[in-house]
Amino acid sequence: MNIPVVDFDVYRVGVDDVADEKLNVLCKELKTAFTEVGFVYLKNTGIAQQEVDAVMDISKKFFLLPDEAKIPFYRGNHAEQNHGWVPSGTERLNPLRACDLKEAFNITSLHPSVKWPSEEALPGFREMQVSFFLRCKDLSLRVLRILGLSLGLDPEVFTSKHTQVGGEQNASTFRILYYPPVRAESVEDGQVRCGEHSDYGTITLLMQGPGEGLQVLARSGDYISAPSIPGTVLINIADLLQRWTADVFISAKHRVLLPSPGDMSTRQSVAFFLHPDDEAVITCCNGVDKYPPVKALDYLNERFKDSYGRK
Ligand SMILES: O=C(O)CCC(=O)C(=O)O
Ligand SMILES: [Fe+2]
């Protein structure tokens, strides 16, 4: 089984006022992908590869700063807010493994009070991250609208619970990730770059640097490779949307293992995790009561306890 590539041109970012009938093919293709695999590569999204490359370049500059320069932005393990810097070896996406060998910076709020590296330290960093956050927000809400339509529901069934993305009352996060070179002698037993996990929120947009690394758990029970395909955005269903759809859409597990011994290459990716508004109550959308209603923020906080440890 492969991860399908779907053409999003008809509803790409920037195209508005498309009649719902014109979205029929797209609805069908996405529904198939998300009920069978949980992941899809979208091409012609309106987000250009050059934009992704530029955001990766400036992100790498951040990660290569000395730790002292990044500490002021430290997220903390029991933070009220997800915004900020996550040093390598702090988060474990698979709680049964040692901490992941990856470093990240989360952009969760666009509020002016939020702390950013200064313009002197990293010219253009804040502006580029904010503008990319907004591009991802736009694309993810388009995908969500298609998903509502594809289930024969009100097209705004999901988007109507995502009204404050980028604000203080919504946990959606744009995350830049850096996987430093792996030194075999300092790797703990079972430690990997990113442990097996499924994402927590509604959907995730992922763009990877060149090469292999990401693997997705297929229905067969085998992990399949999900390399970067330049010019595409990889989209996956996350756990809360699986629950919301009473398991119609699948939130597939994925991971990044270690490179082969002696391979000292680094890896980069950027991800946008779309979450419902904090106070949104998520109830199965198709009239069944497979899962009890849950408040989006309560659900997320429970999941963070797995990856950062319980107090
Ligand atoms: O870096 C990657 O390719 C995957 C990262 C990921 O799955 C995550 O942060 O949730
Ligand atoms: Fe993930």
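Counting convention: from 1, in listed order, for ligands and their atoms alike. Numbers here simply count residues along the sequence, with the first being 1. None of the values given here were measured: they were computed from a predicted structure.
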F63/Y178 under ring pair (Phe, Tyr, Trp, His ring centres under 6.0 Å): CA gap, chis, key distance, verdict: CA-CA 7 Å; F63 290 118; Y178 177 68; 5.5 Å; yes

State, with a plain yes or no, whether a side-chain heavy atom of V86 is found less than 4.5 Å away from one of R175.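 Of all side-chain heavy-atom pairs linking R175 with V86, at least one is under 4.5 Å.
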
Using the rule that Ile, Leu, Val, Met, Phe, Trp and Tyr join whenever any side-chain heavy atoms are under 4.5 Å apart, tell me whether L274 and L153 fall into a single cluster.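 Yes, it is one cluster - the side chains of L274 and L153 are joined through contacts under 4.5 Å.
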
What's the spacing between I235 CD1 and L205 CG if we round to 0.5 Å?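 Going from the CD1 atom of I235 to the CG atom of L205 covers 4.0 Å.
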
Sidechain N-carboxylate O distance under 4.0 Å for R97, E196: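 Yes, this pair counts.
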
Which protein N or O atoms sit under 3.5 Å from any N or O of ligand 1? Give each pair with its distance.
| from | atom 1 | to | atom 2 | distance (Å) |
| --- | --- | --- | --- | --- |
| ligand 1 | 1 (O) | Y179 | OH | 2.5 |
| ligand 1 | 1 (O) | S269 | OG | 2.7 |
| ligand 1 | 3 (O) | R267 | NH2 | 2.4 |
| ligand 1 | 7 (O) | H197 | NE2 | 3.2 |
| ligand 1 | 7 (O) | H254 | NE2 | 3.1 |
| ligand 1 | 10 (O) | H197 | NE2 | 3.0 |
| ligand 1 | 10 (O) | D199 | OD1 | 3.2 |

Taking 2.8 Å as the limit, list every protein N, O or S atom around the Fe ion (ligand 2), by chain and residue number.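 Near the Fe ion (ligand 2), the protein supplies H197 NE2, D199 OD1, H254 NE2.
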
Grouping I, L, V, M, F, W and Y whenever their side-chain heavy atoms are under 4.5 Å apart, do L177 and F272 come out in a common cluster?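 Different clusters.
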
Salt bridge between D20 and R145, side-chain N to carboxylate O under 4.0 Å?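 Salt bridge between D20 and R145, a charged N being under 4.0 Å from a carboxylate O: yes.
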
Residues in salt bridge (charged side-chain N to carboxylate O under 4.0 Å, His left out) contact with D138, at least two apart in sequence or another chain: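 Expected list: R142.
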
Just jot down the side chain to side chain donor-acceptor pair (under 3.5 Å) partners of N2, sequence neighbours excluded, or say none.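 Counting only residues at least two positions away or on another chain, N2 forms no side chain to side chain donor-acceptor pair (under 3.5 Å).
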
